[in-house]
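One structure is given here, and the rest of the page talks about it.
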Amino acid sequence: MSRYWLFKTEPGSYSIDDLKKDGRTHWDGIRNYQARNLLRDEVSKGDKILVYHSSTDPVGVVGIAEVVREAYPDPSAQDPSSKYYDQKASDTDPRWFMVDIAFRERFDLVPLSELKETKGLEDMVVTKRSRLSVQPVTREEFEIVTKLGKRD
DNA sequence: GCCAACGTTGGC
DNA sequence: GCCAACGTTGGC
């Protein structure tokens, strides 16, 4: 049974349009333990992802992606030239993981302000703990947001 | 650019 | 193991 997630990205560094162009990508650079644990232990092939643009104006959900490869070590942690370099990462203890995701859909941005006002989304993690970069979404939440994104 | 909320570090 | 200090995130 597939599950649902919300992945945040700053469109200035990697946007849904970059993902659309690339088709698929390595979701690297996750450096938060709670997000890492979800990526490593919970995120599974076939799961659906709401792609969220943060640190932009307006912020919100812009499309859908799908997990196409489950967690494996994030090589940027061992690359001294990467901004995600972590001295404590090693081959025996990679510390940080990433998954591969594929583009599925781009839709009109559903702003955070609207998510906060929409019935059924009161408990959505993004409205409460916006700093968590990989977060679980319920099936109901996923469907409500998708419907909002595909209106008109 | 501000600043509140949150996560991490490190001295004790 | 506590917690103050510090650094980062991210909405506004």
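Reminder, nothing fancy here: chain letters follow the sequence lines and each chain counts from 1.
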Is a donor on one side and an acceptor on the other found under 3.5 Å between the side chain of A:Thr9 and the backbone of A:Tyr14?
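Yes, A:Thr9 side chain to A:Tyr14 backbone: donor-acceptor pair under 3.5 Å.
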
Please check this pair: side chain of A:Asp18 against backbone of A:Ser15, looking for a donor-acceptor N/O pair closer than 3.5 Å.
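Judged by distance alone, yes, a pair lies under 3.5 Å.
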
Please check the phosphate of C:dC12 (OP1 and OP2 only) for any side-chain N or O of A:Lys116 closer than 4.0 Å.
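The answer is yes; a side-chain N or O of A:Lys116 sits under 4.0 Å from OP1 or OP2.
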
Is the closest side-chain heavy-atom distance between A:Tyr84 and A:Arg31 below 4.5 Å?
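A side-chain contact under 4.5 Å exists here.
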
Strictly under 3.5 Å: I want the nitrogen or oxygen pairs between protein and nucleotides 7-10 of chain B, one per line.
residue, atom, partner, partner atom, Å
B:dG7, OP1, A:Arg129, NH2, 2.7

For the residue pair A:Tyr33 and A:Trp96, categorise the inter-ring angle as parallel (less than 30°), tilted (30 to 60°) or perpendicular (more than 60°).
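Taking A:Trp96 first and then A:Tyr33, their aromatic rings sit tilted (interplane angle of 30° to 60°).
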
So how far is it from A:Lys128 NZ to A:Glu122 CD, rounded to the nearest 0.5 Å?
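So the gap between those two atoms works out to 8.5 Å.
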
For A:Asp57 and B:dC2, what is the distance between atoms CG and C1' respectively, to the nearest whole Å?
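Computing the A:Asp57:CG to B:dC2:C1' distance gives 16 Å.
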
